[in-house]
2 protein chains.
Amino acid sequence: MQDLFTSFSLQVNNRVYIKNPESSALGRKIVESSINLIDEVGFEAFTFRKLGLEIHSNEASIYRYFESKYKLLLYLTSWYWSWMEYRIAFGLANIPAPEERLEKAIKLLTENIELDGSFEHINEYKLNKIVIAESSKSYMTKEVDQNNKEGFFAGYKQLVGRVSDIILEINPTYKYPHMLISTLIEGAHHQRFFAQHLPRLTDAVNGEDAIIEFSKEATFKAIGAKWPSK
Amino acid sequence: MQDLFTSFSLQVNNRVYIKNPESSALGRKIVESSINLIDEVGFEAFTFRKLGLEIHSNEASIYRYFESKYKLLLYLTSWYWSWMEYRIAFGLANIPAPEERLEKAIKLLTENIELDGSFEHINEYKLNKIVIAESSKSYMTKEVDQNNKEGFFAGYKQLVGRVSDIILEINPTYKYPHMLISTLIEGAHHQRFFAQHLPRLTDAVNGEDAIIEFSKEATFKAIGAKWPSK
DNA sequence: GCAAATATAATAGTAATACTATCATAAATG
DNA sequence: CATTTATGATAGTATTACTATTATATTTGC
C-alpha cells in the first residue's frame, strides 16, 4: 500500500487554492509547514507571515497559493477527508459482509491516527489533530452556504454517503443513516479532544480504545444489528 | 414558571467577566446586543468596536466588563448551559421514572429552542443559534487547559454529569454515559446546523422532529432500554 | 545556449483588529 | 454636597490580513 501511494496524489477541489500546492516544491513546503505550525500554535494564532518566516519564504508567495488561511484550512480538511475515503476504500475491499465492512469503517473513522508516511509532505498524525481541533472552524462560518455551493465540502459529504450506504445494506429501513454517521465522525473527534482536555466529558476505560468501542456499540445498536467482533 | 424567573438570575463563573454584566444597565445592554450582533455577523466578524457603535457606547467601556470577545463568548455559553440545567431541573421535577426523566431531558437538550422571554435581556432563540454555531470556538483553543482549570466549563460538565446519572439509574452497568450524553448534545447541535446548511449530512423526515427522534432512539438503544413514548 | 515567460523574493503600504492609556464628565452613594 | 465610581471620548500601539510594485531567480521552449 505504501508503494501504491507514493506516486499518488489525492484529489482536492481546485477552487480552494489559487495555485495547486502539489505542483511545486514551495507549494508542498507550504502545506507541510502549515500543518506543523497550526498544530503548534493553533489556527487563530497561525498567520501567513509566521508561515513565511518558518519556511524562509515570503508572505506574498504564500498568497499566490491560497487566498486566505481559511482556504488553506479548507484545503487541509478536504485533503483529510479524501485521504480517509481512500483508507476506507482500500480497507473494505474484498470484505463481502456489510456488517464487517461497517465495523471496519467505524474503526478507520474513529481510531487514533498515527503517522504512516505514505505522503512525504503530510504528517497524518498532526493533520488528524488539526481536523479534530480546527475543522469546525472551516464550516461553522457565515460563508458556509457559499462555500458549500462551490463544492468545498463534497469530499466529506461523499464519505458520509458511502458509509451510510453500508448501513442501508444492513438495515434498509433505518431512517437516519446520515445523521448517525456524521454524528459518529464528529462525536469521535470531540471525544478524542475531550479525553485530552476535558476528561469529565468522557469515560476512559483501561485496556481498550473506549472511543472505538463506544462508536461501534452505539452504531450497531442504533441500526439493530450485531457487530461481528462481539 | 415565568414569574419564578423574573427576579432570578443564573450563575456564571465570575472569572469570565471583569465586572458582572448583570450588575448594570450597560452590562445587560452589552450582553443583549452582543447576542444580536454575533447572531447577525458571526463571531469572527464580531468586534467590541462594532458592539460599542451598536449600543451607542464605547469600546473602552465594554472592555471594563469583558477582557476579550472570547471571554464574552465564554460568558454566553456558560449562561446557556446554566440555563439548560435549570430547564432540565424544572422539567424533570416530580417525574419519578428515570426512563421518563431521560426522555424529557433528551428532548430539552436537543429540541429547537424558541424565544421564551423569561430573561429580558437574553434572546434564548438567538443564543441557541450562537451556541450551535460558535460554542466550539470557546473550547477548541490553545487555552482550553488553562480555561478548564479556572472552571469555565464547569456548568457544561455538571450538566453532562447530571444526565449521565439518569442513565446510570436506568442501566448501572452502561460503560459510556458521559460519552453518550456529550456526543448527544454536540451531535444534536451539529445536526441542527447541518439541516440548515449541509442537508446531505442529515436525514430530514416530514412531520416529526427527526433530530429529537434520532437522539432518543440512539440513546435508549445504546443503553438497552425502552423509551416510554414509543 | 539564450530569450521569454513564469515563479519567487523583497519591500512597502493600507485598513482593520484587539487591545491599553489617559483624561474628562456624568451618575450614584454615603 | 463631596467623593467615589462608572462611563465617554479620544488617541495610540502592535499585529493582522491582505494588495501592489519591483527586482531577481528559475524554468521552458526554440
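In what follows, chains are A, B, ... by sequence order, proteins preceding strands, each numbered from 1. Computed over heavy atoms, backbone and side chain alike; hydrogens, waters and symmetry mates excluded.
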Compute both the distance and the angle, then confirm whether A/Lys69 meets the cation-pi test with A/Phe43: under 6.0 Å from the six-membered ring centre, within 45 degrees of the axis. yes
Would you please confirm or rule out a distance under 4.0 Å between OP1 or OP2 of C/dT8 and any side-chain N or O of A/Tyr65? yes
Of all heavy-atom pairs between A/Ile211 and B/Met179, which one has the smallest distance, and what is that distance? CG1-CE, 3.9 Å
Taking only side-chain N and O atoms of A/Ser24, does any of them lie within less than 4.0 angstrom of OP1 or OP2 on C/dA7? no
Does a side-chain N or O of B/Lys19 approach OP1 or OP2 of D/dT7 to a distance below 4.0 Å, or not? yes
Of B/Ile55 and B/Glu59, the one whose nearest nucleotide on DNA chain D sits closer to the 5' end is B/Ile55
Below 4.0 angstrom, N of the basic side chain to O of the carboxylate: do A/Arg162 and A/Glu85 qualify? yes
With a 4.0 Å limit, can you tell me whether A/Ser68 has a side-chain N or O closer than that to the phosphate oxygens OP1/OP2 of D/dA17? no
Rounded to the Å, how far apart are B/Ile62 CD1 and D/dA6 P? 17 Å
Under 4.0 Å, counting only non-hydrogen atoms across every strand here, what does B/Tyr63 touch: a base, just sugar-phosphate, or nothing? base
note: A/Phe66, atom CZ; D/dT16, atom P; distance rounded to Å ~ 20 Å
Can a salt bridge be assigned to the pair B/Glu111 and B/Arg87 using a cut-off of 4.0 Å between side-chain N and carboxylate O? yes
Proximity to the side chain of B/Leu26 - top-ranked nucleotide from D/dT7, C/dT11, C/dT20: D/dT7
Distance in angstrom units between B/Arg64 CZ and C/dA21 P, rounded: 12 Å
Separation of C/dA10 P from A/Leu53 CG (nearest whole Å): 11 Å
Assess whether a salt bridge exists between A/Glu44 and A/Lys137, defined as any Lys/Arg side-chain N lying under 4.0 Å from an Asp/Glu carboxylate O. yes
Of the nucleotides C/dA9, D/dT10, D/dC18, which one has an atom closest to the side chain of A/Ser61? C/dA9
Give a yes/no on whether any side-chain N or O of B/Lys50 is located under 4.0 angstrom from OP1 or OP2 of C/dA16. no
Toward the 5' end of DNA chain D, by each residue's nearest nucleotide, A/Phe46 or B/Asn58: B/Asn58
Choosing from C/dT17, C/dT8, D/dA9, which nucleotide comes nearest the side chain of B/Thr47? C/dT17
For A/Arg49 and C/dA9, what is the distance between atoms CZ and C1' respectively, to the nearest whole Å? 14 Å
May I have the distance from B/Ile18 (atom CD1) to C/dC19 (atom C1'), rounded to whole angstrom? 11 Å
Below 4.0 Å: OP1/OP2 of D/dT7 and any side-chain N or O of B/Ser57: no
Taking atom C1' of C/dT17 as reference, at what distance in whole Å does atom NZ of A/Lys69 sit? 12 Å
Here the distance between atom P of D/dT15 and atom CD of A/Glu44, to the nearest Å, is 18 Å
